[in-house]
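Here's the structure we're looking at; comments come further down.
Values below: all heavy atoms of this structure, side chains included; hydrogens, waters and symmetry mates excluded. Count residues from 1 along the sequence. Owing to the predicted nature of the structure, the values given are computational and were not obtained by experimental measurement.
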Amino acid sequence: MRHLLQLILLLGFIFGPLSVSWASDLPIADVHMHAYERTASEADWYANKMDSLGVKWGGGVGSYSDEMAAKLGSRYIPAFGQSQFMAAFKKGGEAALQDPNNKFMKFMLAKSVSLFEAKRIKGFGEIHTDNHSSGPMPMRRQIPLNSLVIIEIYKIADKYKGFVQLHVEYSDGLADDVIDLSRRFPSTKTILAHCVPGRTPNVLPQLHKIFSQTDNVFCETSGENGPTHTAMVPRKAKIYGEGNGRMFGKSGVNAGWRKLIERFPDRVMVGSDTCCGLKPKYPELIEEIRRDFLPAFSTDIAKKLAYENAVKVFDLQ
């Protein structure tokens with residue numbers, strides 16, 4: 001028994017640290033990297049942080065930045081539409097977000113076509129249709145997923161074989177709505193931001209249903225799935241425990257989320273979400289992915305989560 005215990009301890013010593021070290025060397029594709037940079041020096045900050053943290057690609061959400069595109073080149077995942085969507089909401093509320101003739105929506109749709117034609121963007125994001133209980137209070141809204149503007153966005157994305165990153169919360173009909181969009185627009189890739197905010201027991205069955213009935217829908221792990229974001233919301237920190245998020249943290253990966261990811265390893269990507277004053281925490285957000293999330297999986301799955309899935313979804317070089 002003593003020798004067996006020594007062997008177990010030895011194996012744990014050998015393989016445990018190695019797995020974390022191995023994960024720390026993986027290239028990362030951060031598919032929820034907000035970069036509102038409008039000067040070359042601001043773009044330099046992001047590029048330097050990405051280099052030091054091993055983040056090879058970043059973007060997937062707005063606002064689109066010429067400066068970031070110039071600095072990162074093919075490392076940038078350019079997305080469009082978030083600024084215009086937010087401007088319409090500030091001026092006209094939820095009704096404006098559903099009106100294709102709203103001036104902000106008309107501009108967004110027309111401009112996106114010219115950007116797609118010029119190959120300057122790959123998709124739309126982050127488009128908030130339902131964040132009625134997530135995110136800063138002034139940003140909260142709830143509109144149907146099949147509303148007119150969203151359908152127009154999907155028509156354009158489908159024409160150019162692009163993506164739409166949606167911020168949607170849990171609802172009873174979410175899976176059916178997402179599956180319907182997936183089938184109506186088969187050339188469009190849908191990325192569900194934060195793997196759908198909401199309580200895990202409610203969200204997971206929806207994601208299992210969506211992934212099992214589609215091949216063009218994905219989700220990403222940023223936001224309150226990890227401990228850094230969760231720690232900023234005391235009521236959420238109490239739910240998940242100190243040092244943990246909804247999906248992963250110092251206690252490891254939640255069993256339900258692990259089951260989903262291991263069943264659908266090609267559908268999940270990683271993200272940081274440096275929105276709303278969190279830019280200084282970028283190193284911390286990337287570190288928690290490497291420390292608390294990726295090492296929990298086999299090397300093959302971890303590679304998919306870290307970058308391989310994103311390379312396929314966004315056609316990265």
Worked verdict on S112 versus Y160 for side-chain hydrogen bond (donor to acceptor under 3.5 Å, both in side chains): CA-CA 10 Å; S112 69; Y160 295 99; over 6 Å; no

Criterion side chain to side chain contact (heavy atoms under 4.5 Å, CB included) on V178 and F211, from CA distance to verdict:
CA-CA 10 Å; V178 172; F211 292 159; over 6 Å; no

Is the closest side-chain donor-acceptor distance between [X] and [Y] under 3.5 Å?
| X | Y | result |
| --- | --- | --- |
| T299 | W22 | no |
| Y240 | S251 | no |
| R263 | H208 | yes |
| T214 | S182 | no |
| H34 | T274 | no |
| S133 | E169 | yes |
| N225 | R246 | yes |
| D130 | Y170 | no |

Salt bridge (Lys or Arg N to Asp or Glu O under 4.0 Å), that's the test. Do E152 and K155 meet it? Break it down for me. CA-CA 5 Å; E152 290 302 313; K155 287 178 180 177; 3.2 Å; yes

Would you kindly check if the NZ (Lys) or CZ (Arg) of [X] is within the cone defined by 45 degrees around the ring axis of [Y] and under 6.0 Å from the six-membered ring centre?
| X | Y | result |
| --- | --- | --- |
| R120 | Y64 | no |
| R141 | F89 | yes |
| K279 | W45 | yes |

When L97, D177, V168 are each screened for side chain to side chain contact (heavy atoms under 4.5 Å, CB included) with T129, the one that passes is V168

Per side chain to side chain contact (heavy atoms under 4.5 Å, CB included), L145 is matched among D176, D180, L166 by L166

Measure the shortest side-chain to side-chain distance between [X] and [Y] over non-hydrogen atoms and say whether it is less than 4.5 angstrom.
| X | Y | value |
| --- | --- | --- |
| K71 | Y76 | no |
| Q82 | H128 | yes |
| T230 | P227 | no |

Heavy-atom closest pair (L148 atom, P100 atom, distance to 0.1 Å) is CB-CG, 3.7 Å

Closest non-hydrogen contact found for F248 with E288 is CE1-O, 3.7 Å

May I ask you to say whether [X] pairs ionically with [Y], meaning some side-chain N is under 4.0 Å from a carboxylate O?
| X | Y | value |
| --- | --- | --- |
| E308 | K312 | no |
| R290 | E287 | no |
| D315 | K189 | no |

**Message:** Please report whether the ring centroid of H194 lies less than 6.0 Å from that of H32.
**Reply:** yes

Ring centres under 6.0 Å, that's the criterion: do F80 and F124 meet it? no

Could you go step by step and tell me if D51 and R75 meet the salt bridge (Lys or Arg N to Asp or Glu O under 4.0 Å) rule?
-> CA-CA 11 Å; D51 289 342; R75 297 175 63 189; 2.9 Å; yes

